[in-house]
*Asks:* 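The following block contains the structure, expressed as structure tokens.
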Amino acid sequence: MTEELSKQYNPKETEDKWYKVWEQNNLFSAKISSSKPPYCIVIPPPNVTGILHMGHALNNTIQDILIRYKRMRGFASLWMPGTDHAGIATQNVVERSLAKEGLKRQDLGREKFIERVWTWKEEYGSTIIHQLKKLGCSCDWERLRFTMDQDYSTAVTEVFIRLYEKKLIYQGSYIINWCPRCQTALSDEEASHAELQGNLYYLKYPLKDKPLEFLTVATTRPETMVGDTAVAVNPKDKRYKKYIGKILILPLIKREIKIIADPGVDMEFGTGAVKVTPAHDPNDYILGKKHNLDFINVMHPDGRMNESAQKYSGLERFKAREAVLEDLKTLGLLEKIIPHRLSAGHCYRCHTIVEPYLSKQWFVKMKPLAKQAIEAVKKGEIKFYPERWTKVYLNWMENIQDWCISRQIWWGHRIPVYYCRNCQTKNTAKGIIVSKTKPEKCPKCASTDIFQEEDVLDTWFSSWLWPFATFYWPKENADLKYFYPTSTLVTAPEIIFFWVARMIMAGLEFKKKIPFKDVYIHGTVRDIEGKKMSKSLGNVIDPLEVIAEYGTDALRFSLISITSQGQDVYLSKERFEQGRNFANKIWNASRFILMNLKPENSNADLCVSFKEEKFDIVNRWIISRFYSTLKKTNEDLDAYRFNEAANNLYSFFWHEFCDWYLELIKPQIGQKQTQLIMYKVLEKTLRLIHPFMPFISEEIWQRLPKAQGSIMQQNWPHLQADLINEDDEKQMQVVFDIINAIRNMRSEMELGLASRPEIKLTFADKSMEESLRPLFSHIKNLAKLDQLSIAENYLPQENEYTSILKNMHIVMPLKGIVNVAEQINKNQVKIDKIKSEIKNKEIMLANKNFLSRAPKEIIDAEKNKLKDMHEQAAKLEVIKNGLR
RNA sequence: GGGCUCAUAGCUCAGUUGGUUAGAGCGUUGCGUUGACAUCGCAAAGGUCAGUGGUUCAAGUCCACUUGGGCCCACCA
């Protein structure tokens with residue numbers, strides 16, 4: 001006999017214990033095997049600065065379910081873990097901690113600062129890893145990678161050089177998104193647009209020859225006027241035609257600027273005249289190039305105005321705005337201000353408004369890379385789940401822009417570009433040398449005055465190599481050969497562009513193979529009002545708190561059960577009660593079984609016994625239900641319908657196994673075959689539950705009399721389709737209906753148990769009567785009856801109460817007080833409803849199109865249904881009359 | 001402007017290729033349960049499946065439009 005189990009499941013006592021055991025026994029480690037097919041997921045590497053949030057919890061629970069499921073199904077199942085160095089985010093964190101000491105990164109210098117970052121990483125960088133372990137993730141931790149590992153950096157450099165040599169990397173001046181706080185360029189994807197309330201300022205620019213005449217321009221960023229080099233109007237605009245080619249005097253700065261014509265100007269917006277600031281606006285930049293205008297940069301990288309801004313030099317950009325407006329107002333050149341909603345890019349890290357800024361950056365030409373990545377998805381080599389993301393992906397890929405990959409920060413992979421100062425000064429060939437290591441001397445002029453590019457690469461420039469760089473590419477090692485292409489990628493929608501699309505491009509470009517076959521995109525976790533969870537909104541639910549309060553299994557199960565494919569998750573804390581209750585139910589059912597099980601009865605083989613012995617219907621039924629559930633679970637997991645799988649297991653275990661089966665067998669629990677079946681169903685169901693709820697399933701597994709090894713090492717139950725018996729399932733359903741009807745009647749009549757009534761059943765169908773007779777003991781038992789008898793064509797008497805089911809009707813003596821009129825009325829409503837349904841069915845069954853086109857099973861089902869309804873209606877009439 | 005998505009019970013949501021009487025959890029109400037579990041069981045009430053039209057023998061499911069949310073991309077002087 002196993003030791004006594006407590007009445008409630010206590011996750012705290014089990015979770016850490018089993019995780020340790022799994023780790024110590026190397027159960028997460030995936031081994032290359034010639035006999036097993038590979039299954040591999042690479043984790044979306046969380047930032048080293050990361051702290052587990054609900055998004056992670058959902059993302060990683062899904063991956064763990066897949067990994068554990070495939071492992072049990074006999075795959076060499078590898079979950080490749082790692083973390084991302086997260087350039088800007090990590091640098092920010094370390095800079096913040098420096099600030100507490102009153103230091104800036106510049107005070108330390110580049111090398112010392114990077115040392116500090118590494119120290120920080122060693123100390124805090126594995127927080128997220130520990131938290132993933134709390135979640136139960138079965139990652140192969142011995143393979144843990146970091147995007148700044150030395151081998152990984154080798155891959156990054158290799159890729160840069162290959163692309164450079166293919167002329168897919170170039171250096172160029174462009175208007176990029178500049179974060180004045182982080183002082184770095186941001187890619188378009190990193191500058192997220194958000195609406196804000198601003199103003200549209202109408203500024204008057206005087207004409208040179210007629211100083212009393214003005215052209216009014218409208219702008220949202222008046223401070224940039226000091227960098228204006230033209231004003232543009234639409235050539236079709238009658239109002240301004242006469243001014244084209246004339247000269248304006250830029251107020252405050254007193255510079256002469258030209259009025260140019262361009263068809264791109266919207267005549268409807270503002271005044272129809274637009275100031276052109278080529279160095280501070282992407283559109284104006286294009287205009288500037290087109291019309292050969294000057295590019296005047298008016299700002300320092302930190303967002304303060306520079307010398308070109310003359311008297312405003314040194315002012316922060318928004319202070320400068322105020323000053324400019326003040327001065328224009330004094331001069332009478334500020335015509336009006338009208339409120340205007342506009343959207344501006346914000347730094348995705350610090351939410352500072354980004355400044356369009358002209359600077360020299362490195363870019364990757366994306367169009368050539370995108371081509372084959374588009375093909376691969378179109379041909380179905382890579383599939384998105386849910387499928388709709390395919391469109392989103394293709395739409396973006398077909399309109400892809402070049403990727404700005406340089407960042408003006410210190411923490412990251414330094415760009416492998418060196419400059420020869422000698423060549424640069426001679427200006428012969430820009431003096432660019434691209435090399436894995438610092439060259440001794442310039443290959444052109446042999447100068448040794450060589451220095452490295454200051455910029456580092458965008459973090460995603462390393463992440464996009466993740467599916468193969470984690471396997472030590474460009475080396476060709478055995479893991480890479482065996483596990484690449486990986487199987488499934490599980491990720492959130494917001495990084496399809498950042499990451500998924502780029503990985504596909506990188507995989508095809510450098511490995512000549514797709515990086516993964518399936519992409520499963522799950523929803524975003526939101527709060528109950530549909531807002532994204534964020535610290536600033538204060539609406540976060542901390543998964544670690546949930547774990548502490550409800551347990552990891554509860555967290556995992558609840559999350560999964562409410563996550564339907566690709567739909568956003570609206571979460572509140574109460575959700576986790578369901579998971580906790582389920583864990584407790586599993587616990588108590590197992591406790592009950594173990595308390596009643598004689599271990600020697602658990603030894604027989606289920607299938608053999610099933611062939612040799614005759615099992616009663618209750619046992620046949622639960623076996624059939626188990627295999628039906630298994631079948632559905634397999635289908636759901638294979639199609640990434642995790643919530644379906646979870647909910648299905650939930651209702652099987654709770655409402656079928658516990659509520660019906662365990663209740664039905666209580667009187668016969670000592671019986672040998674019942675012992676075997678209850679044990680086997682529990683044991684097999686635990687295996688199905690394990691991927692979802694790894695800890696409790698292991699804890700119970702270890703208490704089973706036959707447990708060998710960890711539940712993780714067990715095979716997934718083999719589907720015995722021949723043990724699914726639909727007739728048994730239907731018959732049991734009838735039993736449940738009878739029992740429920742009786743309980744319901746009693747409840748309606750408010751009869752206490754004391755009455756212990758006798759019930760008469762009238763069957764429409766003789767064969768049903770035959771098959772149900774052996775089950776009467778169960779019915780009597782659960783419905784708490786003294787007698788159950790069968791009557792033929794019995795007409796209810798005045799002192800009797802009736803209920804009707806599909807093919808039978810139930811009569812019980814009236815011992816309580818019941819409102820007969822109400823009962824008659826109820827029956828009349830039922831009769832009317834059935835009659836109208838009968839009408840519809842008859843029309844349908846008379847329809848030639850239906851008879852010729854509908855499948856035979858459907859037609860038969862409909863015919864049976866009609867027959868049933870006729871019978872039922874007739875019986876209801878009889879009852880109604882009887883009651884009267 | 002382009003694309004995606006949602007609208008089903010009081011609340012939060014399932015409903016896989018159209019096919020028995022549209023489901024679950026929570027909440028409400030009633031009844032029950034003192035040897036697995038009150039973190040329990042059984043049941044009831046509660047739905048014109050957003051609206052309109054169409055396709056079909058058959059529509060919550062497919063199509064079109066309308067209304068109202070949400071998201072993404074582009075633009076935004």
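Chain letters run A, B, ... following the sequence lines, proteins first and then strands; every chain starts at 1. Just so you know, these numbers come straight off a predicted model, no measurement behind them.
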*Asks:* Once you round it to whole Å, what is the distance between P of B:G35 and CG of A:L594?
*Replies:*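 Between P of B:G35 and CG of A:L594: 20 Å.
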*Asks:* Consider the side chain of A:R388, meaning its heavy atoms from C-beta on, and name the nucleotide among B:A36, B:G41, B:C4 that approaches it most closely.
*Replies:*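 Closest nucleotide to the A:R388 side chain: B:C4.
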*Asks:* Checking side-chain polar atoms at under 3.5 Å, does A:Y640 have a donor or acceptor matched by the opposite partner on A:D518?
*Replies:*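 A donor-acceptor contact under 3.5 Å links the two side chains.
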*Asks:* Counting neighbours of NZ on A:K383 that are heavy atoms of other residues, nucleotides or ligands and sit closer than 6.0 Å, is the number greater than 12?
*Replies:*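 No, the 6.0 Å shell around NZ holds no more than 12 heavy atoms from other groups.
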*Asks:* Taking CG from A:D659 and C1' from B:A24, how many angstroms apart are they, rounded to a whole number?
*Replies:*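 It works out to 14 Å between those atoms.
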*Asks:* Ion pair present between A:K12 and A:E549, side-chain N to carboxylate O less than 4.0 angstrom?
*Replies:* no
*Asks:* Consider the side chain of A:C658, meaning its heavy atoms from C-beta on, and name the nucleotide among B:C42, B:A36, B:C73 that approaches it most closely.
*Replies:*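 Of the options given, the side chain of A:C658 lies nearest B:A36.
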*Asks:* Using heavy-atom distances to pick each residue's nearest nucleotide on RNA chain B, tell me which of A:D636 and A:D281 is more 5'.
*Replies:*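 It is A:D636, whose closest nucleotide lies nearer the 5' terminus.
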*Asks:* Among side-chain atoms of A:S561 and A:N643, is any donor-acceptor pair under 3.5 angstrom?
*Replies:*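 Note: A:S561 and A:N643 side chains miss the donor-acceptor criterion.
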*Asks:* Looking at every strand, decide which applies to A:L200 at a 4.0 Å heavy-atom threshold: base, sugar-phosphate, or nothing.
*Replies:*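 Answer is sugar-phosphate: A:L200 comes under 4.0 Å of backbone atoms only.
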*Asks:* For nucleotides B:U28 and B:G19, find the distance between their C1' atoms and express it as a whole number of Å.
*Replies:*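 Each nucleotide's C1' atom is 34 Å from the other's.
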*Asks:* Please report, rounded to the nearest Å, how far the P atom of B:G35 is from the CD1 atom of A:I665.
*Replies:*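 The distance from CD1 of A:I665 to P of B:G35 comes to 18 Å, rounded to the nearest Å.
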*Asks:* For A:M397 and B:C72, give me the distance from atom CE to atom P, rounded to whole Å.
*Replies:*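 Distance, rounded to whole Å: 20 Å.
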*Asks:* When only distance counts, do a donor and an acceptor, one from the side chain of A:Q578 and one from the base of B:A24, lie under 3.5 Å apart?
*Replies:*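 It does not, because no donor-acceptor pair links the side chain of A:Q578 to the base of B:A24 below 3.5 Å.
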*Asks:* Considering only B:C57, B:C72, B:A36, which nucleotide approaches the side chain of A:F497 most closely?
*Replies:* B:C72
*Asks:* Touch check for A:K7, heavy atoms < 4.0 angstrom, all strands: base, sugar-phosphate only, or nothing?
*Replies:*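 Since only primed, P, OP1 and OP2 atoms lie under 4.0 Å of A:K7, the category is sugar-phosphate.
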*Asks:* Between A:S558 and A:Q578, do the side chains contain a donor N or O and an acceptor N or O under 3.5 Å apart?
*Replies:* no
*Asks:* Rounding to the closest angstrom, what is the interatomic distance between B:A22 and B:A14 at atom C1'?
*Replies:* 11 Å
*Asks:* Between A:R591 and B:C37, is there a side-chain N or O to OP1/OP2 distance below 4.0 Å?
*Replies:*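 The answer is yes; a side-chain N or O of A:R591 sits under 4.0 Å from OP1 or OP2.
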*Asks:* Suppose you measure atom C1' in B:U20 against the same atom in B:C13; what distance do you get, rounded to whole Å?
*Replies:*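 Nearest-Å result for B:U20 against B:C13 at atom C1': 24 Å.
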*Asks:* Just to be sure I understand the rule, does A:D284 reach a base, reach only the sugar-phosphate, or reach nothing, if contact means heavy atoms closer than 4.0 Å?
*Replies:*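 Counting heavy atoms under 4.0 Å across all strands, no contact is made by A:D284.
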*Asks:* Under 4.0 Å between a side-chain N or O of A:N849 and OP1 or OP2 of B:C57?
*Replies:* yes
*Asks:* Check the angle between the aromatic planes of A:H522 and A:Y520 and answer parallel, tilted or perpendicular using the 30° and 60° thresholds.
*Replies:* tilted
*Asks:* What stems show up for RNA chain B when you take Watson-Crick pairs (N1-N3 plus N6-O4 or O6-N4) and G-U wobbles (N1-O2, O6-N3), both under 3.5 Å, and require three or more consecutive pairs?
*Replies:* B:1-7 with B:67-73, B:10-13 with B:23-26, B:28-32 with B:40-44, B:50-54 with B:62-66
*Asks:* Between atom CZ in A:F652 and atom P in B:A24, what is the gap in whole Å?
*Replies:* 18 Å
*Asks:* What residue among A:F652, A:Y650, A:W587 forms ring pair (Phe, Tyr, Trp, His ring centres under 6.0 Å) with A:F582?
*Replies:*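 It is A:Y650, the one option of A:F652, A:Y650, A:W587 that forms the ring pair (Phe, Tyr, Trp, His ring centres under 6.0 Å) with A:F582.
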*Asks:* So do A:Y393 and A:W389 actually touch side chain to side chain, heavy atoms under 4.5 Å?
*Replies:*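 No, their side chains stay 4.5 Å or more apart.
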*Asks:* If you assign A:F850 and A:R221 each to the RNA chain B nucleotide with the nearest heavy atom, which residue ends up on the more 5' nucleotide?
*Replies:*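 Here A:F850 is the residue nearer the 5' end.
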*Asks:* What integer number of Å spans the P atoms of B:U61 and B:U55?
*Replies:* 15 Å
*Asks:* Whole angstroms only, please: what is the OH-P distance between A:Y661 and B:A36?
*Replies:* 16 Å
*Asks:* Considering only atom P, compute the distance from B:U56 to B:C63 and round it to an integer number of Å.
*Replies:*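 My reading of the P atoms in B:U56 and B:C63 gives 16 Å.
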*Asks:* Categorize A:K863 for me: base, sugar-phosphate, or nothing, with a 4.0 angstrom heavy-atom threshold over every strand shown.
*Replies:* nothing
*Asks:* Is the shortest side-chain N/O distance from A:K391 to OP1 or OP2 of B:C4 below 4.0 Å?
*Replies:* yes
*Asks:* Report yes if at least one side-chain N or O of A:K585 is closer than 4.0 Å to OP1 or OP2 of B:C37; otherwise report no.
*Replies:* no
*Asks:* On a whole-Å scale, what distance lies between the P atoms belonging to B:G27 and B:U12?
*Replies:*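 Those two atoms are separated by 15 Å.
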*Asks:* Give the nucleotide from the list B:U16, B:A14, B:A36 with an atom nearest to the side chain of A:N588.
*Replies:*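 So the side chain of A:N588 is nearest to B:A36.
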*Asks:* If the P atom of B:G35 is compared with that of B:A24, how far apart are they to the nearest Å?
*Replies:*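 Rounded to whole Å, the distance is 30 Å.
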*Asks:* Whole Å only: how far is the CE atom of A:M678 from the P atom of B:A36?
*Replies:* 12 Å
*Asks:* To the nearest angstrom, how far is A:N647 atom CG from B:U12 atom P?
*Replies:* 18 Å
*Asks:* Indicate whether OP1 or OP2 belonging to B:C57 is found under 4.0 Å from a side-chain N or O atom of A:R853.
*Replies:*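 Yes, within the criterion.
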*Asks:* State which residue, out of A:L637, A:D636, A:L649, fulfils the side-chain contact (heavy atoms from CB on, under 4.5 Å) condition with A:E644.
*Replies:* A:D636
*Asks:* Check whether any side-chain N or O of A:N581 sits under 4.0 Å from OP1 or OP2 of B:C40, and answer yes or no.
*Replies:*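 Checking B:C40 against A:N581, a side-chain N or O does come within under 4.0 Å of OP1 or OP2.
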*Asks:* For a quick check of understanding: with a heavy-atom distance under 4.0 Å over all strands, which category does A:E663 fall into, base, sugar-phosphate or nothing?
*Replies:*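 If one applies the 4.0 Å heavy-atom cut-off, A:E663 turns out to touch a base.
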*Asks:* Which value, in whole Å, describes the distance between the C1' atoms of nucleotides B:C4 and B:A9?
*Replies:* 28 Å
*Asks:* OP1 or OP2 of B:G23 sitting under 4.0 Å from any side-chain N/O of A:H655?
*Replies:* no
*Asks:* How close do A:Y9 and A:A583 get, heavy atom to heavy atom, and via which atoms?
*Replies:* CD2-CB, 3.9 Å
